[in-house]
Q: 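Handing you a structure now.
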Amino acid sequence: MFSKVLVANRGEIAVRIMRTLREMNIKSVAVFSEPDRESIHVRYADEAYCVGPAASAESYLVIDKILAVAKESGAEAIHPGFGFLSENSDFAEACEKAGIVFIGPRSYAINAMGSKTHARKLMEKAGVPLVPGAKDAIEDPQEALALAKEMGFPVLIKAAAGGGGKGMRRVDGEAEFVASFEGARREALNAFGNGDVYVEKFVVRPKHVEFQVLADQHGNCIHLFERDCSVQRRHQKIIEETPCPTILPETREKMGEVAIAAAKAVDYVGAGTVEFLLDVDQSFYFLEMNTRLQVEHPITEMVTGIDLVRWQLKIANGEKLTLKQEDLEMRGAAVEARIYAEDPENKFMPSPGLITNIREPSGPWVRVDSGVYSGSTVPVHYDPMIAKLIVWGEDRQHAINRMQRALSEYVVAGITTNIEFHQEILDTPEFREGHYDTNWVPKYMEEREKVENEETVAFCEMAAVVARHLKDEAIAKQGASSNGTPVNGAAKNGWKEYGRFRQLRGQI
Amino acid sequence: MFSKVLVANRGEIAVRIMRTLREMNIKSVAVFSEPDRESIHVRYADEAYCVGPAASAESYLVIDKILAVAKESGAEAIHPGFGFLSENSDFAEACEKAGIVFIGPRSYAINAMGSKTHARKLMEKAGVPLVPGAKDAIEDPQEALALAKEMGFPVLIKAAAGGGGKGMRRVDGEAEFVASFEGARREALNAFGNGDVYVEKFVVRPKHVEFQVLADQHGNCIHLFERDCSVQRRHQKIIEETPCPTILPETREKMGEVAIAAAKAVDYVGAGTVEFLLDVDQSFYFLEMNTRLQVEHPITEMVTGIDLVRWQLKIANGEKLTLKQEDLEMRGAAVEARIYAEDPENKFMPSPGLITNIREPSGPWVRVDSGVYSGSTVPVHYDPMIAKLIVWGEDRQHAINRMQRALSEYVVAGITTNIEFHQEILDTPEFREGHYDTNWVPKYMEEREKVENEETVAFCEMAAVVARHLKDEAIAKQGASSNGTPVNGAAKNGWKEYGRFRQLRGQI
Amino acid sequence: MPIYYVQHGEEEREWSVIRNGEGLLEVTDPEGVTHVVDALEPQPGRLHLLRGARSADLDVREQEGVFHVLWRGHDTEVNVLNERQRRMKAAGVGGNKEAGPDLLSPMAGKVVATPFAVGETVEEGQTIIIIEAMKMENDLKAHRSGKVTKIGVEVGQAVEIGDVLITVEDE
Amino acid sequence: MPIYYVQHGEEEREWSVIRNGEGLLEVTDPEGVTHVVDALEPQPGRLHLLRGARSADLDVREQEGVFHVLWRGHDTEVNVLNERQRRMKAAGVGGNKEAGPDLLSPMAGKVVATPFAVGETVEEGQTIIIIEAMKMENDLKAHRSGKVTKIGVEVGQAVEIGDVLITVEDE
């Protein structure tokens, strides 16, 4: 096994990978941009190297810098995480040339799946069912519009090199088409250095169901069941769960086989995800394959008991996949809630800034993959996802109840997050019943009326009044300026002083 | 199901129970002694009532006060946790009389198992194998000594009402016998209000292996496999694991059946634990039955996927045990490390006090059941266990490696804990091989030579020098007194100020 | 007895708090009901309340005079002033700014596009500027209808929360 | 250049630290090797060091002049003095107390028993007092042989860390 591995990523996923490295007694090497000097992955690593300024294009995305760090540190392999260079075939090739193991598929597979148009052709040949209307990249907005009119609105404009919803736009009618097309091209260029987009038919009530696959260098390939990622907003996943609440066992079996066929069609090696649209009639269409670890991989880990990052490392090291498809079993249910630094009450605007206090949930069957800490700053330059909360339960109902419990324990102060929004979503009948599709969240947001619990509001008002009073008491005591923050000890000791003289009070 | 449950306990176990209550949408009621006003279980509960001063005998152990709170709050049931009133049959009876459900077995079973001498007679009748030499409580030290000489040293003096190592002494020879006998009596009286002790033969290389059982009110009883709790010091468990690394499958089956027989012999209801000594030749002897939830219950939860507290509540509510023995399965391995506020380098002296900073591990398959937080004070009045760290792994090796990783992440500053000691124990060949017995830790401590890693020491020296320098810089900047603690922001901004002008530095 | 004023929509609600001889707070709500409250700050920024037996563990932080109260994931903003602060506000010191013609940036990020030129007319709700933050483009809508009189930023420029982006005045 | 003195067993080791023009610390160890260190305090009481590329996330807190350094679970105590502190110590200000005849309590707890009376002789290592803390009896051994000249506590009394328990003087 490798003795040292470079993690070419940041935040929670870098830490998650380094945790497995530490469990395997492999040294971890972090890279960081200047504003990430304080970031948790730098603190967690055994070694850390600065690779440039804030802009990813000048730091995390610079292949030469990453390879220079690998050589300097003596790392034998590079784990790219997700995003950044994870689906960059030039990087995979450059690693190979430099004699450093790229922990992921061969560049051929990245290329084949990375261009969605190319991927579709390959999949068609392999007998994988496709969404109608898939076409090549188009440059001319008018040509694209003509095509869209031909297949009928709504259509979807997607970045050829894309992922994660960037450069992706749904268009419902002719009027907005050209503006959206250009916006998508601009976003795609910005995010991937490649402005190619294509247009496809938009399936109206689809579930986004994806299959995790693992393939070794010896031709063995298995799937680790599905994840339902249909709770989305602007093509950003919010909540993921496994099993999918609406999939039938026979559909699961079929989709699993197709996922393996898709992976085999590109000689896939490593951990990958085959994404499908699942229709209400249980028919399904190939969407794309992500040739890397997925954000939502932990829910698969929770129900299968398999550490996907460990298998990525073993496979990259040439080891054989000893897991057999027939031995794999889903136990219970798992749910993941992505914690974003954003404000759901203000159009989900990003909310970067200083986290003044954080307290993460814990206890039975609760897992937090976090990229932040009390006192850390969420930088404006990167993804707004600051952590993932994952829970497991004996069944779906228990998992959801546990997620609600865990969310109720989660404290993130200083910035705004979507924790309360998760609580709201989990409590809707649509989510509880499991029949939501990928269009549900935006529809829900339109119809949403936020009902405030009067009792809670009154209680919080009282809390604010008490907080104001304690501040005023502390100021009076210390003779501090009226803007001064009282020292914690003051109020605390205040209680102690008086507390000694208290008895059981009136309650008993 | 109940709508409100009182948790007659404190700290981590109270929080652990309340977490399941919250997941079941049941309101939780906390009780607390005066110094526990700041305790985490008070903060976590929906309601909280002060029941008196620090001394347990005047607060947590006062049956009338606990029942008064139950009535006042409208709680329909009481969960006693472990310790305190959990094995007090008077309390169980008083609950029954007050019309409040006691979440645990009937008082008959508590009584039958609570007196170890009585329990042994019952078990003998039920065909459960016993450790040789079990006898009735003895008051006269000379009579006890005669008995000890008859069965031969070493012998064990044990509290009849005891548990958790309190009032328990191993005696290796005649000379120390009388003093130990009296010490044990004093400790037993102190801890349980009952000074009865008895003497038994001490089995020299035994493993402490216990079986978790669950029994409903309808005559159904199952076991949830074993826990190996042989890593002990002064009869306090330190590290527990499941499966037991040395048990044979056929022994597991036999012991499981015996555990169920033992439970059935006292018409057991609820969650309980049957403790055995397991000899190297796979023969085993009944030790005692704990008629309550066990500290180490989480490792059973991790390998079986079953929430034991939820089943306690369901059983207390009269529901049938729907779990079938033949459906139960152990998946992987789990290890628990008890985090104590004590100093292993100073004879394991208790180390109560203010926790200035705490950072708990998280990530894949790591669970922390914690009773403390940054800024909380570990009181001198109660048990020194401040938290439990539980990990799961695909197999024993992975679980141990994961535990090492999690321990390396665990920060508890301000007080001394046994975290480093855990790391040391887990790294010994004895533990790695799994052949340790209950005498191993004390033996290990005698022979132990602490080797300091020179490189680590030098690095920590450098860190202290840097910390001193940063303090001095901050003092110089602020003109503060030489004893002043620098504000965090100062050093942090110090870096920022300079940081802007830095480039990649020499490293790349 | 210290009085506190809570702004709730249009309404101003009056609370009062006094510490009694036992060290507990007696909090009187706008309806005149007095609650006995045991308040503790277990950690900086945290507040634990026992109102009678009801236990609530909160995160309470003040940002520019507004208290953000976090309770089990729920986030409530409360405007509370003590008597001195209320007098100062009445005197116009530190009062809230009137919503003016300036569109202020609600986020930190980078300006991607400004579709309108100075002198052009915009309708309330039209996209008036696009800001990229955290890899996503965010369309900011015109906060009012009128004529663009000033564009305070350039494409590519980094902006901070509160920066004046664009000024829209009545035609 | 600030010099720091680390007490390591009998030995005194000399370190020095200076902040260079790039804002990094140049730390010279007792062997005269200079390391470039990027030091950051991400949270109160926490110290993150990059010594070259080596990353270490530590908890460093000072208690009575001793630095407790926690690194991945390992706890190391380091005595470090700056020049002023060392001068003061040399002058006898704030110096360490000589180990004297007094047995100080290493823990907070309650006195359970004091087996020896004033005037009796004890051998080093014999149990001289029993203190209960956290529900366990802890046997404290005599720190030296000699005659008990004073018992500063009574059975049942609560004691704090550092309280004088028993005085044992040479016979």
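Since the structure is predicted, the reported quantities are computational estimates derived from the model, not experimental observations. The sequence lines fix the lettering, A, B, ..., with proteins before strands; numbering per chain opens at 1.
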Q: Given a strict heavy-atom distance threshold of 4.5 Å, which part of C:His8 is in contact with chain A: side chain, backbone, both, or neither?
A: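 Side chain only.
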Q: At a 4.5 Å cut-off on heavy atoms, which part of C:Val112 comes close to chain A: side chain, backbone, both, or neither?
A: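 Contact with chain A: side chain only.
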Q: About how many Å separate CD of C:Glu77 and CD of A:Glu461, when rounded to the nearest 0.5 Å?
A: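 Result: 12.5 Å between the selected atoms.
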Q: Check this for me: A:Lys237, atom NZ, are more than 12 non-hydrogen atoms of other residues, nucleotides or ligands nearer than 6.0 Å?
A: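 More than 12 heavy atoms, drawn from other residues, nucleotides or ligands, come within 6.0 Å of this atom.
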Q: Does any heavy atom of chain C fall under 4.5 Å from the side chain of A:Glu187, the backbone, both, or neither of them?
A: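 Answer is both: backbone and side chain atoms of A:Glu187 are under 4.5 Å from chain C.
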Q: Contact between A:Leu470 and C:Leu47 at the side-chain level, heavy atoms closer than 4.5 Å - yes or no?
A: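 SC-SC contact between A:Leu470 and C:Leu47 confirmed.
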Q: Between C:Asp139 and A:Lys347, is any pair of side-chain heavy atoms under 4.5 Å apart?
A: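 The answer is no; the side chains never approach within 4.5 Å.
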Q: Can you tell me which portion of A:His381 sits under 4.5 Å from chain C's heavy atoms? Options are side chain, backbone, both or neither.
A: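 Answer is backbone: N, CA, C or O of A:His381 sit under 4.5 Å from chain C.
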Q: Before giving the answer on salt bridge (Lys or Arg N to Asp or Glu O under 4.0 Å), spell out for A:Glu455 and C:Arg51 the whole-Å C-alpha distance, their side-chain angles and the decisive distance to 0.1 Å.
A: CA-CA 13 Å; A:Glu455 208 269 327; C:Arg51 188 188 68 192; 3.7 Å; yes
Q: Name, in order of residue number, those residues of residues 144-155 of chain C that have a heavy atom at a distance of less than 4.5 Å from a heavy atom in chain A; otherwise write 'none'.
A: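 Heavy-atom contacts from residues 144-155 of chain C to chain A are absent.
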Q: Any residues in residues 69-76 of chain C near chain A, with a heavy-atom distance under 4.5 Å, and which are they?
A: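 Heavy-atom contacts from residues 69-76 of chain C to chain A are C:Val69, C:Leu70, C:Trp71, C:Arg72, C:Gly73, C:His74, C:Asp75, C:Thr76.
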Q: Which atoms of C:Val37 come close to chain A, meaning under 4.5 Å heavy atom to heavy atom: side chain ones, backbone ones, both, or neither?
A: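 Contact with chain A is through the side chain of C:Val37 alone.
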Q: Contact part of A:Thr417 toward chain C, heavy-atom cut-off under 4.5 Å: side chain, backbone, both or neither?
A: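 It is neither, since no heavy atom gets under 4.5 Å.
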Q: Heavy-atom distance under 4.5 Å to chain A: side chain of C:Leu140, backbone, both or neither?
A: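 Contact with chain A involves the side chain of C:Leu140 alone.
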Q: Only pairs of heavy atoms separated by less than 4.5 Å count here; which of C:Ile131, C:Asn82, C:Val66 has the most with chain A?
A: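 Ranked by contacts with chain A, first place is C:Asn82.
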Q: So for C:Val80, is it side chain, backbone, both, or neither that comes closer than 4.5 Å to the heavy atoms of chain A?
A: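 Both the backbone and the side chain of C:Val80 come within 4.5 Å of chain A.
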Q: Provide the closest heavy-atom pair for C:Val60 versus A:Ala467 in the form atom of the first, atom of the second, distance.
A: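 For C:Val60 and A:Ala467, the tightest heavy-atom pair comes out as CG1-CB, 3.6 Å.
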Q: Minimum heavy-atom separation for A:Cys460 to C:Val78, with atom names?
A: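 Taking every non-hydrogen atom into account, O-CG2, 4.0 Å.
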Q: Nearest heavy-atom pair of A:Val380 and C:Ala108: which atoms, and what distance?
A: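 Looks like CG2-O, 3.1 Å.
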Q: Considering only heavy atoms from C-beta outward, does the side chain of A:Glu473 approach that of C:Leu25 to under 4.5 Å?
A: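 When only atoms from C-beta onward are counted, C:Leu25 and A:Glu473 do touch, with a gap below 4.5 Å.
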Q: Relative to chain C, which of A:Gly414, A:Ala458, A:Gly353, A:Pro379 shows the most heavy atom pairs under 4.5 Å?
A: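 It is A:Gly414.
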Q: Please look at A:Ala463 and chain C and tell me whether the side chain, the backbone, both or neither of the residue comes under 4.5 angstrom of a heavy atom of that chain.
A: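 Looking at A:Ala463, backbone and side chain both touch chain C.
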Q: Mind checking the CZ-CD spacing from A:Arg468 to C:Gln85? Nearest 0.5 Å is all I need.
A: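 Going from the CZ atom of A:Arg468 to the CD atom of C:Gln85 covers 4.0 Å.
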Q: Kindly give the heavy-atom pair with the smallest separation between C:Ala39 and A:Val466, and that separation in Å.
A: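 Shortest heavy-atom contact: CB-CG1, 3.8 Å.
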Q: Do C:Phe67 and A:Lys471 have side chains that get closer than 4.5 Å, going by heavy atoms?
A: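 In short, these two side chains touch, coming nearer than 4.5 Å.
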Q: What distance separates C:Leu58 CG from A:Met462 CE, expressed to the nearest 0.5 Å?
A: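 Answer for the CG-CE pair, C:Leu58 versus A:Met462, is 8.0 Å.
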Q: Pick one of side chain, backbone, both or neither for C:Glu132, based on which atoms fall under 4.5 Å of a heavy atom in chain A.
A: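 For C:Glu132, the side chain is the part near chain A, not the backbone.
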Q: Given that the side chain runs from C-beta out, which part of A:Asn190 has a heavy atom under 4.5 Å from chain C: side chain, backbone, both or neither?
A: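 The answer is the side chain of A:Asn190.
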Q: May I ask you to name which of A:Leu407, A:Thr456, A:Ile419, A:Val411 has the most heavy-atom pairs under 4.5 Å with chain C?
A: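 Of A:Leu407, A:Thr456, A:Ile419, A:Val411, A:Val411 has the most heavy-atom pairs under 4.5 Å with chain C.
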Q: Ignoring hydrogens, what is the shortest heavy-atom contact between C:Arg61 and A:Ala413? Give both atom names and the distance.
A: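 Distance-wise, the nearest heavy atoms are NE-CB, 3.5 Å.
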Q: Quick one, C:Arg54 and A:Phe459 - any side-chain contact, counting heavy atoms below 4.5 Å?
A: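 Yes. Closest side-chain heavy atoms under 4.5 Å.
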Q: Once you round to the nearest 0.5 Å, how far does CG of A:Asp472 lie from CD of C:Glu83?
A: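 Rounded to the nearest 0.5 Å, the CG-CD separation comes out at 10.0 Å.
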Q: Please check if the number of heavy atoms outside A:Glu452 that lie under 6.0 Å from its CD is greater than 12.
A: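 No, CD of A:Glu452 has 12 or fewer neighbouring heavy atoms, counting only those of other groups under 6.0 Å.
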